Amino acid sequence: MARLLNFLKKDSLTNRLKKIKDGDSQEREIFIEEYIPFIIKTISNTTNRYVESENSEEYSVGLEAFNEAIDKYEGSRGTFISFAELVIKSRVTDCLRRASRHMVSVPISQYDDEQEQQIEAQLKTEDFTVAFELKDEMRAFEEQLKAFDITFSDLVNEAPKHVDTRVNSIQIAKFVATHQELKDELFRKKTLPGTKITKELNVTLKMLKRSRKFIIAAVLILDSDLELLKNYIYEIEGGVADGIQGMRGKA
């Protein structure tokens, strides 16, 4: 758990990419190292076989493509992972078309048991790309929470314990997110417009205070383009806190 929190406290993806584009070569190396499993996964999906990184032209092409994606990515192009995946697939496909020899592949049996398990896990995990996108969204969400002095630990530790209270809190969040005046006041004052909410929804100030961070977090997600996080609100009964715990285990 502590390791994950430390990971989430790193710079947001946007800030990391900016550092790299500004010439931080060390950050580029660290960033690429973190995403090597993703690069190999994307190449393997494109070539339909596991590629040996040390002796593979396809791996070199994929690595260069990932570097290219870093340099050319802009927020208007969607998530970085989706953009990088598209660039890698495009460059590797071009490489395969030009190739006059068969690519070097490594039978899984040549690896020891531990390596075999790692490789099979990489190749078989259907939501591998989603996991990376989720981490990106979590970093962006963390930046939004900072403005309200809220942490992931707060959401887990202080979320409503009863299902009915969690459901009610999400309903309040949806109400705030869909009413511009309430939402503007929330973002301006960094606190819930309690008097107006209690008047409109017939809930108590005591309930709002107990669930304040939970409700604010839900509003931030509902008002964002963080689609994966939105799905946790819509699909997981109990809302944000249970979703955060599930995401932290998945990320």
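Since this is a predicted model, take the numbers as computed values, not measurements. Computation of the quantities below employed the complete heavy-atom set of this structure, encompassing side-chain atoms and omitting hydrogens, waters and symmetry-equivalent molecules.
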Legend entry - Common cluster, Val61/Leu86, ILVMFWY with side-chain heavy-atom separation under 4.5 Å: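 Different clusters.
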
Legend entry - Hydrophobic cluster membership, Leu63 vs Phe83, 4.5 Å side-chain cutoff: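 Hydrophobic grouping puts Leu63 with Phe83.
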
Below 4.5 Å, heavy atoms only, C-beta onward: do [X] and [Y] meet side chain to side chain?
X	Y	answer
Arg91	Glu64	no
Lys146	Glu143	yes
Leu155	Phe141	yes
Leu208	Ile172	yes
Ile30	Arg16	yes
Lys196	Glu185	yes
Met138	Leu226	no
Ser169	Met207	yes

To check you understand the geometry: which heavy-atom pair defines the closest contact between [X] and [Y], and what is its length?
X	Y	answer
Asn67	Arg28	OD1-NH1, 2.7 Å
Ala65	Val87	O-CG1, 3.5 Å
Ala173	Ala218	CB-CB, 3.4 Å
Ser211	Thr165	OG-CG2, 4.0 Å
Gln144	Ser224	NE2-CB, 4.2 Å
Ile216	Ile150	CG2-CD1, 3.9 Å

Count the heavy atoms belonging to other residues, nucleotides or ligands that lie under 6.0 Å from [atom1] of [X], then report whether that count exceeds 12.
X	atom1	answer
Asp149	CG	no
Lys21	NZ	yes
Asp22	CG	yes

Hey, could you give me the [atom1]/[atom2] distance between [X] and [Y], rounded to the nearest 0.5 Å?
X	Y	atom1	atom2	value
Ile32	Glu27	CD1	CD	10.5 Å
Ile20	Glu29	CD1	CD	10.5 Å
Phe31	Asp24	CZ	CG	12.0 Å
Ile88	Lys41	CD1	NZ	13.0 Å
Ile215	Ile170	CD1	CD1	10.0 Å
Lys72	Ile70	NZ	CD1	13.0 Å

Inset, instruction - Answer with yes or no whether the side chains of Thr151 and Asp154 bring together a donor and an acceptor at under 3.5 Å. - result: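 Indeed, the side chains of Asp154 and Thr151 share at least one donor-acceptor pair under 3.5 Å.
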
Legend entry - Under 3.5 Å side-chain donor-acceptor pair for Thr93 and Ser90: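 Note: Thr93 and Ser90 side chains miss the donor-acceptor criterion.
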
Inset, instruction - For Thr191 and Leu186, run side chain to side chain contact (heavy atoms under 4.5 Å, CB included): C-alpha distance rounded to whole Å, both residues' side-chain angles, the deciding distance at 0.1 Å, then the answer. - result: CA-CA 5 Å; Thr191 187; Leu186 169 64; 5.7 Å; no

Legend entry - Cationic N near anionic O, under 4.0 Å, Glu142 to Arg139: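 Judged by the 4.0 Å cut-off on N to carboxylate O distance, Glu142 and Arg139 do not form a salt bridge.
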
Inset, instruction - Decide, yes or no, whether a salt bridge links Lys174 with Asp223 under the criterion of side-chain N to carboxylate O below 4.0 Å. - result: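 No, Lys174 and Asp223 are not salt-bridged.
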
Inset, instruction - Answer yes if the ring centres of Tyr73 and Phe66 are under 6.0 angstrom apart, and no otherwise. - result: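 Aromatic pair excluded; centres sit 6.0 Å or further apart.
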
Legend entry - Parallel, tilted or perpendicular: ring planes of Tyr35 versus Phe38, cut at 30 and 60 degrees: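 Tyr35 and Phe38: perpendicular rings.
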
Legend entry - Phe148/Leu192 under side chain to side chain contact (heavy atoms under 4.5 Å, CB included): CA gap, chis, key distance, verdict: CA-CA 10 Å; Phe148 294 83; Leu192 289 171; over 6 Å; no

